[in-house]
Amino acid sequence: MVFRSYMDQALDEARAAAARGEVPVGAVLVAPSGEVVARAGNRTRELSDPTAHAEVLAIRAACAAAGSERLPGHDLYVTLEPCPMCAAALSATRIARIYYGASDPKSGGVAQGPRIFSHPQCHHVPEVYDGIGAADAEALLKEFFAQRR
């Protein structure tokens, strides 16, 4: 099986989020067939919803399309390490694999902070691959925050 990254599409979603004034995080959910079933960028400010992270929006769209609360065999590509809330939601959906770009030492929940997938209460632990497109994701975030300081 040949690995195909969908991180470029996630980065496109992150750029679109930045253009809307949102923190530039993008996510793409891919079915086992290789079909992109959902894509989203952060919309917390636009929707006045602190849960409207790219990952959560992609999960909601993919689950609605699948008619199920679970997405076994699916892969998530996200430009930033998921926060604890998103990591817990990803566990609940039974996602197979998470590929993320930039690490998030301040708010991460996978390799940083609470490390959600290492807790005994975590019912499903996906495979996690970090550093995919990290340089581009980090540059996008640094540029976004530099413009606001």
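For the numbers below, each heavy atom of this structure counts, side chains included, while hydrogens, waters and symmetry mates do not.
- Looking at heavy atoms from C-beta onward, L76 lies out of side-chain contact with Y100 at the 4.5 angstrom threshold.
- In this structure, the side chain of E13 does not engage the main chain of V28 through any donor-acceptor pair within 3.5 Å.
- Residues Y129 and F3 keep their aromatic ring centres 6.0 Å or farther apart.
- Note on I116: it clusters hydrophobically with V78, by side-chain heavy-atom contacts below 4.5 Å among ILVMFWY residues.
- For the pair G109 and A87, the tightest heavy-atom approach, listed with the atom from each and the gap, is O-CB, 4.2 Å.
- One finds the OG1 atom of T93 at 4.5 Å from the CD1 atom of I59 (value rounded to the nearest 0.5 Å).
- Shortest non-hydrogen contact noted between A27 and A58 is CB-CB, 4.3 Å.
- Checked by atom type and distance alone, the side chain of S91 pairs as donor or acceptor with a backbone atom of H124 at under 3.5 Å.
- Residue A111 comes nearest to R115 through the heavy atom pair O-NE, 2.8 Å, listed as atom of the first residue, atom of the second, then distance.
- In this structure, D49 places its CG atom where more than 12 heavy-atom neighbours from other residues, nucleotides or ligands lie under 6.0 Å away.
- The two atoms that bring A134 and G101 nearest to each other are CB-O, 3.5 Å, heavy atoms only.
- There is no side-chain donor-acceptor pair under 3.5 Å between R94 and S68.
- L141 and M7 fall into different hydrophobic clusters, where Ile, Leu, Val, Met, Phe, Trp and Tyr are joined by side-chain heavy atoms under 4.5 Å apart, directly or via other members.
- Shown here for L57 and A40, the closest heavy-atom pair between the two residues is CB-CB, 3.7 Å.
- Atom OG of S107 is separated from atom CE of M85 by 11.0 Å, given to the nearest 0.5 angstrom.
- With E22 contributing its side chain and T44 its backbone, the two residues share a donor-acceptor pair below 3.5 Å.
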| query | What do the steps show when you test I98 against F117 for side chain to side chain contact (heavy atoms under 4.5 Å, CB included), and what is the final call? | reply | CA-CA 12 Å; I98 299 169; F117 301 135; 3.7 Å; yes

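- No side-chain donor-acceptor contact under 3.5 Å links Q9 to the backbone of R39.
- The two residues P72 and P32 have their closest heavy-atom pair at O-CG, 4.0 Å.
- With rounding to the nearest 0.5 Å, the separation of OG1 in T79 from CG in L140 is 7.0 Å.
- Distance alone, capped at 3.5 Å, places no donor-acceptor pair between the Q112 side chain and the S103 backbone.
- No path of Ile, Leu, Val, Met, Phe, Trp and Tyr side chains, each step under 4.5 Å between heavy atoms, connects L80 with V56, placing them in separate hydrophobic clusters.
- Follow the hydrophobic side-chain contacts under 4.5 Å out from V30 and you reach Y99 in the same cluster.
- Between Y77 and Y6, the two ring planes are tilted [angle within 30° to 60°].
- Between the CG atom of L29 and the CG atom of D75 there is a distance of 8.5 Å, given to the nearest 0.5 Å.
- Distance CG/L90 to CG/L71: 9.5 Å, rounded to 0.5 Å.
- From Q147, atom CD reaches atom NZ of K142 across 15.0 Å, with rounding to the nearest 0.5 Å.
- Remark: the backbone N or O of V25 is not paired with any side-chain donor or acceptor of H53 at under 3.5 angstrom.
- Between the side chain of N42 and the main chain of A54, a donor-acceptor pair closer than 3.5 Å is present.
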